[in-house]
Each structure stands twice: as C-alpha cells, then as structure tokens.
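Index from 1, following the sequence.
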Amino acid sequence: MSPAIAVLRDENEESQYQNGVKRLHENGISKVPSKYILPVLDRPSNTNQQQANVSKNNLKLPIIDFQELQGPNRPQVIQSLANACEQYGFFQLVNHGIPIEVVSNMIEVGTKFFDLPFEERAKYMSSDMRAPVRYGTSFNQNKDKVFCWRDFLKLMCHPLPDVLPYWPSSPVDMRNLAATYAKETKHLFLMLMEAIFESLGLVDSSAAAKKKTREEDEVLKEFEDGSQLMVVNCYPPCPEPDLTLGMPPHSDYGFLTLLLQDEVEGLQIQFQDKWVTVEPIANFFVVNVGDHLEIFSNGKYRSVLHRVLVNSRKDRISVASLHSLPFMRSVGPSPKLVDESNPRRYKETDFASFLEYISSREPKKKNFLESRKLT
C-alpha cells in the first residue's frame, strides 16, 4: 500500500470514529475497532480485576425520600443525607415531586434524538466546550487515546431563554420537553442544596426560622443563577462489551449531578474499593456528589469514581443534569468547615480552570480534583 493511500485510510477511520458509536452500530459493525479496545488491565472483563475489584452483587444505594424531607421527619432525613454523602457519595432520590410524564418524556425525546438520521444529529457536532449545544462521542474526543462506547448531546441550560434557540429543533417537541425537564431539575437541585447545607451544619436547623450566615445565604442565591448542563447519553449495543466501557472511571465536576436512567443497567460506582452496579429503579433519580461539593465541604463529602458498562443487546439512555455555581464563580472550602483540627485542604477553583485542564490532557479518574488539593 502506498503511503498516500495509508494516510487516507487512517484519516477515514479517524473520521468514522469521530462520527460516534451510534453511527458504527447503524452501519452493522460486528467487531469493536481497535480505537475502542482498552488495555487489558482497564477492561471490565479482566479476570484478575474481576475477582478482586468487582462485586457480583448490585448495590442498593441509600434512599432519600424527598417528600419526607419537607415534613416533620426532616431532621432524620437530613442525617440520612449526611451519611449517604459521606459514606457513598451517591444516593437514590424518591418522591422527588417531578411529574412522571416529565421524566418519561425526557427519556423518550432523548431516544428519538439519537434515532434521527446521522446527518440531522451531525448538525450539532462541535469541539467548542462552551457551545450551548454539542453533539459528540466518547468522553473527551479531542484527547482520548482510547475512545468510549458512548455518544452524547450536551445542552447548556442557563440562562434558558438565551440558549433555547440553539437547541435541536428535531424531534419537534425536543426543546419544549427538555426545557420543562431542565426547569424541574433546577428547582429540585436548589431544594437539595438547602438540605445539604443543613446537613453540613451551615444552617441552624434548630431555630424556628432556619438561620443562615450571610455567606451561605449568598451562595444559595448564587445557585439560582448557577450553571446547569444537561447531558443526554446514548450507549448503543456493543458487539464486544467486555473490551470497552461506555464511560471510563471519573468523577463529576459540579456540586450535584441528578441522573435519570432508563431500565437498562450500566452505571457502576466504586464502593469499598470494588466496582458495584447500581440497579436502575423507575422514576428514581441517582444523585451524586461532585468535585465542587467535595471542595466546598473541605472533604467531608467526597465525589466518587463511577463508570458505565455497555451491553450487546440494548441501547441505554441516561440524562445527567450537572449543577454548580456560575461559571466565573470560584469555589473554595466554606470557612465554617475549616479549623485547626480540619485545616483547609483545597485551593479555590472555577469552571474555566476545569475547562483548561481537560482541554490540555486526557482526563483520568479524579486527576483534576487531585490538582486542587493542598494537603
């Protein structure tokens, strides 16, 4: 083969991978291309790792009843919330108050988007991480040496009136249904953050009217104008699921992530040094602590590594809503959580620092958060 033909072939293969795994699946691929094959030790099928580091049992996460959080049992639920954030970094949220049709419509319209012809989906491809809408593939397709078996649609959700015109106009009800879902999850996030502040001891819950310090009150108000990113993930059937992952081990950058899943298993979290599958439950949210909350709590609550497995039989759809403070706002440990016995453990950081970090290297595990540590 001539060098020119070899180069052309490599470019065509690279372009094919950049077009995403849904496209590969639609083209009837029967083997996983080498671009997606993980090193042996990183594969979910690694026999030695499976014996030592993978639990055979599904994990039942702590369940937080949001309805109970609003009633007389709030103190007990607040304690359960604190325990979940400290011990697991994850919890399941039930009775969250978001109408079931809003939840099911979001999964349905997300599925419909990925069922659109490739040419329609491709209109939203962009390498600009600040774009209000971005269709892409893998984890960080500009830096990943090995690609992940995942396509995504990322939608910036704030300020909603400004970004909505950029969102996909197909399927026809996409903007309306996704905007409704974004508003509902933002309200739910704000209510959860009040409870988390209370669980951290930043709010005097014993007072008749909950008393917040000026700093905490200002932070809670800033969340109302904070960043919100919705990520619709698609994991198509994979012909050799033991060779790759839908998402590599990672933590999330924000304060909280609210994850909506369909009925297909795939999410695993690292719990007690083992990878454990989280069983999907209809109309529950999986909520996890993000890096910003670990920093703000000065390490009391910890973001936890999680990854996604793929399968050979079914598409899997999930919708992650990542919430934090405004993009330009720095996040550091709350002064009330720093003292002689618990010294400051993290530098301040902001979203720009995060973007700069992941744009300059292949993101791995919790490396960004590790770069923020002081001790």
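In terms of the ring-ring contact (aromatic ring centres under 6.0 Å, His included) criterion, Y124 has no residue partners (sequence neighbours excluded).
The aromatic ring centres of F66 and H96 sit 6.0 Å or more apart. Between F197 and F296, the ring center distance clears the sub-6.0 Å criterion. Ring-centre distance between Y88 and F271: below the 6.0 Å cut-off. When ring centroids are compared, Y17 and Y36 come within the 6.0 Å threshold.
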All N/O donor-acceptor pairs, side-chain side in residues 20-32, below 3.5 Å, sequence neighbours left out:
from, atom 1, to, atom 2, distance (Å)
E26, OE1, R121, NH2, 3.4
E26, OE2, R121, NH1, 3.1
N27, ND2, R23, O, 3.3

Which atom pairs, donor and acceptor, lie under 3.5 Å between side-chain atoms of residues 102-111 and protein residues at least two apart or in another chain?
from, atom 1, to, atom 2, distance (Å)
S104, OG, I100, O, 3.1
S104, OG, E101, O, 3.3
N105, ND2, E101, O, 3.0
T111, OG1, I107, O, 2.8

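Considering OH of Y135 and CG of L155, their distance stands at 13.0 Å, rounded to 0.5 Å. For the atom pair OG of S251 and CD of E370, the computed distance is 9.0 Å after rounding to the nearest 0.5 Å.
Under the 3.5 Å distance criterion, with hydrogens and angles disregarded, a donor-acceptor pair is assigned to the side chains of N233 and R150.
Looking at E224 and K221, no side-chain N of the basic residue comes within less than 4.0 Å of a carboxylate O on the acidic one, giving no salt bridge. Remark: R302 does not engage E86 in a salt bridge, criterion side-chain N to carboxylate O under 4.0 Å. Salt-bridge check for R329 with E222: passed, with a basic side-chain N closer than 4.0 Å to an acidic carboxylate O.
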